[in-house]
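Here's the structure we're looking at; comments come further down.
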Amino acid sequence: MSESNDTPPDGGLDAYIAAAARLLAIPLDPAWIGAIGSNLTVLHAAATQVGDFALPDEAEAAPVYTA
C-alpha cells in the first residue's frame with residue numbers, strides 16, 4: 001500500500017468526507033461538504049507545518065502532569 005498522506009483517497013475530498021461520515025454514522029447535510037472540505041484543507045496545512053518543524057536531538061518530551 002503506497003498511499004500518501006498528502007492526497008485524499010481516490011474519488012477526492014468529497015468522497016472521503018462522505019465515507020468518513022458513513023463510517024462514523026454522522027448525518028451529513030450535502031450543503032456542509034464544501035465547508036468541511038475547506039476546514040480539512042486548513043487543518044492539513046497546519047498539521048504539515050507542525051510535522052515539518054525540525055527539533056534538535058536534545059529536545060525532551062513535555063512532562064505529563066496529572067491531578
Side-chain angles (χ1 to χ4, degrees):
M1 201 158 42
S2 63
E3 270 186 48
S4 169
N5 289 334
D6 294 333
T7 58
D10 290 341
L13 191 54
D14 291 355
Y16 172 78
I17 293 166
R22 280 192 306 274
L23 180 66
L24 297 170
I26 298 172
L28 181 62
D29 183 336
W32 300 344
I33 292 178
I36 294 168
S38 295
N39 190 19
L40 288 175
T41 301
V42 169
L43 289 172
H44 182 267
T48 299
Q49 286 185 342
V50 171
D52 289 346
F53 187 80
L55 292 174
D57 290 336
E58 300 82 30
E60 295 184 22
V64 176
Y65 296 99
T66 57

Side-chain donor-acceptor pairs of residues 29-41 under 3.5 Å, sequence neighbours excluded:
unit_1 : atom_1 : unit_2 : atom_2 : d
Asp29  : OD1    : Ala31  : N      : 3.0
Ser38  : OG     : Gly34  : O      : 3.1
Thr41  : OG1    : Gly37  : O      : 2.9

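Through chains of ILVMFWY side-chain contacts below 4.5 Å, Ile26 is grouped with Leu24.
Going from atom NE2 of His44 over to atom CG of Leu13 covers 10.0 Å, rounded to the nearest 0.5 Å.
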